[in-house]
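Comments concern the structure below.
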Amino acid sequence: MRITKKIKEQMIQILETTYIDVKPALVFGNPFELLIAVILSAQCTDVRVNITTKRLFAKANTPASILEMGLSALEDEIRDCGLYHNKAKNILGTCQKLCEDYGGVVPESFDELLKLPGVGRKTANVVTSIAFQRPAIAVDTHVFRVANRLKLGVGETPFAVEQALMKIIPKEKWSAAHHWLIWHGRKLCKSRAPLCGQCPLHEICPSSTIA
DNA sequence: CTCCCGATAT
DNA sequence: ATATCAGGAG
């Protein structure tokens with residue numbers, strides 16, 4: 001079955017009305033905390049990140065104070081999130097760059113964000129969208145999977161999916177769409193056992209496992 | 001493409 | 001027991 005532009009627009013409308021009012025799952029108090037939380041969130045559940053950041057931010061929640069912790073103390077603090085050696089190194093590198101080049105403040109420029117160690121396209125887009133409230137579609141594992149299953153935005157790489165989604169979704173809805181797709185992926189369009197029977201999109205979804 | 005990696009869901 | 005989790009770097 002071919003997915004027309006009209007069907008894609010139907011999908012967008014259903015997602016928009018179904019996931020009205022969804023908000024970020026990560027807990028943060030400012031752009032810097034969000035940046036650190038997103039770096040920690042790679043291959044880790046948001047629940048675990050929130051437990052870890054609550055404890056970490058109580059001890060240190062500025063670039064300078066996290067730098068003071070040092071590598072091994074930071075590793076101990078974030079170990080539960082997994083990939084902790086890389087993440088600790090990247091967080092320290094990011095904190096150092098923030099202090100040296102940006103006066104301890106998270107830059108709003110997407111290109112500057114990308115220069116921070118441990119910050120790739122997905123993380124930079126999350127910070128751009130959520131912390132600075134500018135239109136962006138961060139393609140994480142959920143968005144990538146859901147967009148491809150729906151054929152709402154097809155692509156072999158996250159960047160390709162991001163571009164495909166930006167074409168079909170009006171710019172003013174980009175940031176919201178990122179949240180619709182994430183929550184849809186978490187609640188219904190799960191990686192292992194998608195709950196197609198409960199899905200409001202199953203009738204127009206090309207990947208639906210039910211009639 | 002591979003490696004990083006502990007916690008959690010199934 | 002193993003697939004997956006708000007990915008990024010080499």
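All values below were derived from every heavy atom in this structure, side-chain atoms included, with hydrogens, water molecules and symmetry-related copies excluded. In the text below, chain A, chain B and the rest are named by the order of the sequence lines, each starting its count at 1.
Between A:Arg145 and C:dC5 there is a side-chain N or O to OP1 or OP2 distance below 4.0 Å. Side-chain nitrogen and oxygen atoms of A:Lys190 include at least one within less than 4.0 Å of the OP1 or OP2 phosphate oxygen of B:dT10. Contact annotation: A:Thr141 side-chain N/O to C:dC5 OP1/OP2 distance is under 4.0 Å. Taking side-chain N and O atoms only, A:Ser191 has no distance below 4.0 Å to OP1 or OP2 of C:dA3. The phosphate of B:dC5 (OP1 or OP2) has no side-chain N or O of A:Arg79 nearer than 4.0 angstrom. The side chain of A:Arg121 places no N or O atom within less than 4.0 Å of a non-bridging phosphate oxygen (OP1 or OP2) of C:dG8.
Straight-line distance from the CD1 atom of A:Ile91 to the P atom of C:dG7: 14 Å, rounded to whole Å. Spacing between atom CG of A:Asn86 and atom C1' of B:dC5 amounts to 9 Å, rounded to whole angstrom units. The CD1 atom of A:Ile182 sits 12 Å away from the C1' atom of C:dG7 (whole-angstrom rounding). A:Asn90 has its CG atom 13 Å from the C1' atom of B:dC3, to the nearest Å. Here B:dT10 presents its P atom at 9 Å from CG of A:Leu195, a figure rounded to the nearest Å. Distance, A:Leu83 CG to C:dG8 P: 12 Å, rounded to whole Å. Taking atom CH2 of A:Trp180 as the reference point, atom C1' of C:dA6 lies 18 Å away to the nearest angstrom. One can place CZ of A:Phe28 at 16 Å from P of C:dA6, the figure rounded to the nearest angstrom.
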ask   = What's the verdict on side-chain contact (heavy atoms from CB on, under 4.5 Å) for A:Phe28 and A:Val38, showing C-alpha distance, side-chain angles and the deciding distance?
value = CA-CA 10 Å; A:Phe28 64 97; A:Val38 179; over 6 Å; no
Q) Do A:Ile39 and A:Val119 pass the side-chain contact (heavy atoms from CB on, under 4.5 Å) test, and can you show the C-alpha distance, the side-chain angles, and the key distance before you say yes or no? A) CA-CA 7 Å; A:Ile39 291 175; A:Val119 177; 4.0 Å; yes
| task | List the steps, then state whether ring pair (Phe, Tyr, Trp, His ring centres under 6.0 Å) holds for A:His184 with A:Tyr19. | result | CA-CA 8 Å; A:His184 188 59; A:Tyr19 298 101; 5.6 Å; yes
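By the criterion of side-chain heavy atoms lying less than 4.5 angstrom apart, applied directly or through intervening Ile, Leu, Val, Met, Phe, Trp or Tyr residues, A:Leu83 is not grouped with A:Leu56; the two fall into different hydrophobic clusters.
The side-chain ring of A:His179 is not stacked on the base of C:dA6, judged by centre separation under 5.5 angstrom and plane angle under 30 degrees.
Note: A:Ile36 CD1 to A:Leu26 CG = 12.0 Å, rounded to the nearest 0.5 Å.
The residue A:Lys87 sits apart from the nucleic acid: no heavy atom pair falls under 4.0 Å. Across all strands, A:Pro158 comes closer than 4.0 Å to no nucleic acid atom at all (heavy-atom distances). Using a 4.0 Å heavy-atom criterion, one finds that A:Val49 contacts no nucleic acid atom at all.
When the P atom is used for both C:dG8 and B:dA7, the distance is 22 Å, rounded to whole Å. Using P as the reference atom, B:dC4 and C:dA6 are 22 Å apart when rounded to the nearest Å.
With the nearest nucleotide of DNA chain B identified for both A:Ile51 and A:Tyr84, A:Tyr84 has the one nearer the 5' end. Residues A:Ala193 and A:Gly82 both approach DNA chain B. Their nearest nucleotides, taken by heavy-atom distance, put A:Gly82 toward the 5′ side. Each of A:Pro117 and A:Lys23 was matched to the nucleotide of DNA chain C holding its nearest heavy atom; the match closer to the 5' end belongs to A:Lys23.
Listed candidates were B:dT8, C:dG7, C:dA6. Nearest to the side chain of A:Pro24 is C:dA6. Between C:dT2, C:dA6, B:dA7, one nucleotide has an atom nearer to the side chain of A:Arg192 than all others, and that is C:dT2. Among the nucleotides B:dT8, B:dC4, C:dA6, the one closest to the side chain of A:Ile130 is C:dA6.
Residue A:Glu156 qualifies as open at atom CD: its count of foreign heavy atoms under 6.0 Å is 12 or below.
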